[in-house]
Novice: 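Please see the structure below; I have some questions.
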Amino acid sequence: MRYVAIVASVVGALVFGLLALSNSLFLVPFVVCAVLVLIGIWDMVQTKHSLRRNYPILANIRFGLEKVRPEIRQYFLESDTDGVPFNRSKRAVVYQRAKGQLDKRPFGTQQDVYGANFEWINHSLVPMPPAGHDFRVTVGGPECRQPYSLSLLNISAMSFGALSANAIRSLNQGAKLGNFAHDTGEGGYSRYHREFGGDIIWEIGSGYFGCRNDDGTFCADRFAAQATEPQVKMIEIKLSQGAKPGHGGVLPAPKVTAEIAAARGVPISVDCVSPARHSAFATPLEMMHFIARLRELSGGKPIGFKLCIGHPWEFMGICKAMLQTGIRPDFVVIDGAEGGTGAAPLEFVDHIGTPMRDGLLFAHNCLVGAGLRNTIRLGAAGRIITGFDMARVLALGADWCNAARGFMFALGCVQAQACHTDHCPTGVATQNPWRQRGIVVPDKAERVRRFHDNTLAALAELVGAAGLAHPRDLTAAHLLRRVSAHEVKTFAELYALLAERELLAGSSNAFYAQAWAIAQANSFAVPVKVAAESRAA
């Protein structure tokens, strides 16, 4: 069906061409069909638009409608189904920045500045001119022998298999061009991640893809063989993900191609199972020893973990295990329930997991309250697209940000929401070779680089407008939110912020004090006594 227009045009050109030889009345339809054939051929060979490559002739209707009226253009460029929390203009901004176009807007803000939950940064009358925007943070604690200088904006976890080979190639080449990092997702460190040499954060999930034994357990030798490669800069253990925390996954046997099987280290055409929990450790203490083991096997590279915050005592139990063992991860990444670029069960998407800002603040407070924050870096992921999105989470304690959908938009994603069908119209989220040919790697890699560069430049301008020299100077006091028609509060007033080692000294915050009291280093579970008392109450 994608080629029906050009096929019909070719047939029409042939039929009307033959008829025109005997009757000149058929000359006009012949010319029309011939022009459409030429347009279709040009669409298929041009390298700028994925939709035109995959939908020759037909895609021009979309681009033509964009130019008819501002309302139609806004619908096609900015509409989405994410609801109020997601600004509808963000996708258009990404397209503009990725393409190097002017990302300005006339006639003021489209936000309801007097509506509840409107947020902003106060500016200074003595703004700081940006001195640059290559902002970086060094990741690596005292036990790390190969610390990594990480950009403040990086590609979040998206696996090969979920994304096409050409999408992975484009992202990694873009990361190489822009000097930032590319997270593999849990689907393995594939040959497409290696092709252009962009810096890699290798994510290890519960399936241990790329470092597993035949029975699905962790394999130290296979891990070490890849983790010691120079391109791999950091190792990230995935405990849970924002889209479906507490839920495993199965890649059906028909989708386990030879390439995916090679990347994941699994048999071809056999169901590929990603369990809901890890088998290499079962308690916070065991998890710390696993982290120490990975650090040694990798040659001393930064080791951390990613999770969407769930039961508060579980993360606090991990903090207690850090204190008890003296083993520290080099970083923690907080994923938010609002994140997720692929498909997940509806109930999990809408009702499982802590939103990113709440989870980030909780993790930051726990690490500060336990006296651990100085040596552990904190990343944030979950619907982060613009410079303001970055500023907001940096002010709440993050050291850097990861983005997924923003970089997908840079590749040309139009949010067709067909990621789980293998029918992605732009070739981003499909394994169909005819669809993914829509992505021309050099062109899309440059768009990925530009989106990263222009977004950090926007962050630099925001920070400078606030009178600050660097994003690390942002605090919760710099962000404000309208909580009602007549009341505005800073984030510092809205959110509880713990003092250094407050949990160890005994916090006056009832929520944190109660959760800290029941957290255990030797178990993720609630103590039996506490559970029984809760049921009785």
Novice: Looking at side-chain heavy atoms only, is the closest gap between R377 and P302 below 4.5 Å?
Specialist: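 Contact flag for R377/P302 side chains = no.
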Novice: Regarding H364 and R373, do their side chains bring together a donor and an acceptor under 3.5 Å, going by distance alone?
Specialist: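 There is such a pair (donor and acceptor under 3.5 Å, judged by atom type) between the side chains of H364 and R373.
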Novice: With no hydrogens and no angle check, do the side chains of D453 and H133 hold a donor and an acceptor under 3.5 Å apart?
Specialist: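 Yes.
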Novice: If we count only N and O atoms by modelled type, under 3.5 Å, do the side chains of Y148 and D330 hold a donor and an acceptor together?
Specialist: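 Looking only at side-chain atoms, D330 and Y148 do not form any donor-acceptor pair under 3.5 Å.
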Novice: Can you check whether W42's main-chain N or O pairs, donor with acceptor, with Q46's side chain at less than 3.5 Å?
Specialist: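 Checked: no pair found.
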Novice: Mind checking whether F290 and F281 have parallel, tilted or perpendicular rings, split at 30° and 60°?
Specialist: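 Aromatic pair F290/F281 classed tilted.
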Novice: Can you check whether D183's main-chain N or O pairs, donor with acceptor, with H193's side chain at less than 3.5 Å?
Specialist: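 Side chain of H193 to backbone of D183: no pair is present.
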Novice: Are the side chains of I318 and V332 in contact, using a 4.5 Å heavy-atom criterion?
Specialist: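 V332 vs I318: side chains apart.
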Novice: Could you check whether any side-chain heavy atom of F223 comes within less than 4.5 Å of a side-chain heavy atom of S298, counting everything from C-beta outward?
Specialist: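 In short, these two side chains touch, coming nearer than 4.5 Å.
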Novice: With sequence neighbours excluded, what pairs up with F305 under the ring-ring contact (aromatic ring centres under 6.0 Å, His included) test?
Specialist: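 With sequence neighbours excluded, F305 shows a ring-ring contact (aromatic ring centres under 6.0 Å, His included) to no residue whatsoever.
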Novice: Between S50 and G438, is there a donor-acceptor pair closer than 3.5 Å when you use the side chain of the first and the backbone of the second?
Specialist: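 Yes, because the side chain of S50 sits within donor-acceptor range (under 3.5 Å) of the backbone of G438.
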Novice: I need the minimum non-hydrogen distance between C319 and L367, along with the two atoms involved.
Specialist: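 Looking at all heavy atoms of both residues, the closest pair is SG-CD2, 4.0 Å.
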Novice: Which residues satisfy the salt bridge (Lys or Arg N to Asp or Glu O under 4.0 Å) test with E446, sequence neighbours excluded?
Specialist: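 E446 satisfies salt bridge (Lys or Arg N to Asp or Glu O under 4.0 Å) with R449, R450 only.
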Novice: If you define the side chain from C-beta out and look only at heavy atoms, does anything of M234 sit under 4.5 Å from Q146?
Specialist: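 Sidechains of Q146 and M234: no contact.
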Novice: Quiz question: by atom type and distance under 3.5 Å, do the side chains of N60 and D43 form a donor-acceptor pair?
Specialist: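 Yes, a side-chain donor-acceptor pair sits under 3.5 Å.
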Novice: Is the number of heavy atoms from other residues, nucleotides or ligands within 6.0 Å of CZ (R136) greater than 12?
Specialist: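 Yes.
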Novice: Tell me, please, which residues at least two apart from E236 pass salt bridge (Lys or Arg N to Asp or Glu O under 4.0 Å).
Specialist: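 Partners of E236 by the salt bridge (Lys or Arg N to Asp or Glu O under 4.0 Å) criterion come out as none, since no residue qualifies.
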Novice: Is the shortest distance from a Lys or Arg side-chain nitrogen in R383 or E338 to a carboxylate oxygen in the other one below 4.0 Å?
Specialist: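 Salt bridge flag = no for E338 with R383.
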Novice: Could you list the residues that satisfy side chain to side chain donor-acceptor pair (under 3.5 Å) with Y189, not counting sequence neighbours?
Specialist: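 Testing Y189 for side chain to side chain donor-acceptor pair (under 3.5 Å), a comparison that skips the adjacent residues, returns E229, Q231.
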Novice: Is there a donor-acceptor pair closer than 3.5 Å between any side-chain N or O of N166 and the backbone N or O of Q436?
Specialist: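 Indeed, once roles are kept as given, a pair shorter than 3.5 Å links the two residues.
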Novice: Should the heavy atoms of other residues, nucleotides or ligands under 6.0 Å from CD of E296 be counted, would the total exceed 12?
Specialist: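 Not more than 12 within 6.0 Å, no.
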Novice: Measure from the side-chain N and O atoms of D215 to the backbone N and O of T217, and report whether any donor-acceptor pair falls under 3.5 Å.
Specialist: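 Flag set: sc D215 to bb T217 pair under 3.5 Å.
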Novice: Run the salt bridge (Lys or Arg N to Asp or Glu O under 4.0 Å) test against K306 and tell me which residues pass, sequence neighbours left out.
Specialist: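 Salt bridge (Lys or Arg N to Asp or Glu O under 4.0 Å) list for K306, sorted by chain: E203.
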Novice: When the ring planes of Y95 and F409 are compared, do they come out parallel, tilted or perpendicular, using 30° and 60° as the limits?
Specialist: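 Rings of Y95 and F409: perpendicular, over 60°.
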Novice: Short question: side chain of S151, backbone of F180 - any donor-acceptor pair under 3.5 Å?
Specialist: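 Not a single qualifying donor-acceptor pair exists.
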Novice: I'd like to know if E186 pairs up with R264 as an ion pair, taking the criterion as any Lys NZ or Arg NE/NH1/NH2 lying under 4.0 Å from an Asp or Glu carboxylate oxygen.
Specialist: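 Result for this pair is no, no salt bridge flagged.
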Novice: Show every donor-acceptor pair shorter than 3.5 Å between a side-chain atom in residues 385-392 and any protein atom, with sequence neighbours excluded, or say none if there are none.
Specialist:
| unit_1 | atom_1 | unit_2 | atom_2 | d |
| --- | --- | --- | --- | --- |
| T386 | OG1 | F388 | N | 3.4 |
| T386 | OG1 | D389 | N | 3.2 |
| T386 | OG1 | D389 | OD2 | 3.3 |
| D389 | OD1 | K90 | NZ | 3.0 |
| D389 | OD1 | R392 | NH2 | 2.9 |
| D389 | OD2 | K90 | NZ | 3.0 |
| D389 | OD2 | I385 | N | 3.0 |
| D389 | OD2 | T386 | N | 3.0 |
| R392 | NH1 | E119 | OE1 | 2.7 |

Novice: Give a yes or no on whether the backbone of G242 and the side-chain of D335 come within a donor-acceptor separation of less than 3.5 Å.
Specialist: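 Looks like yes, one N/O pair under 3.5 Å.
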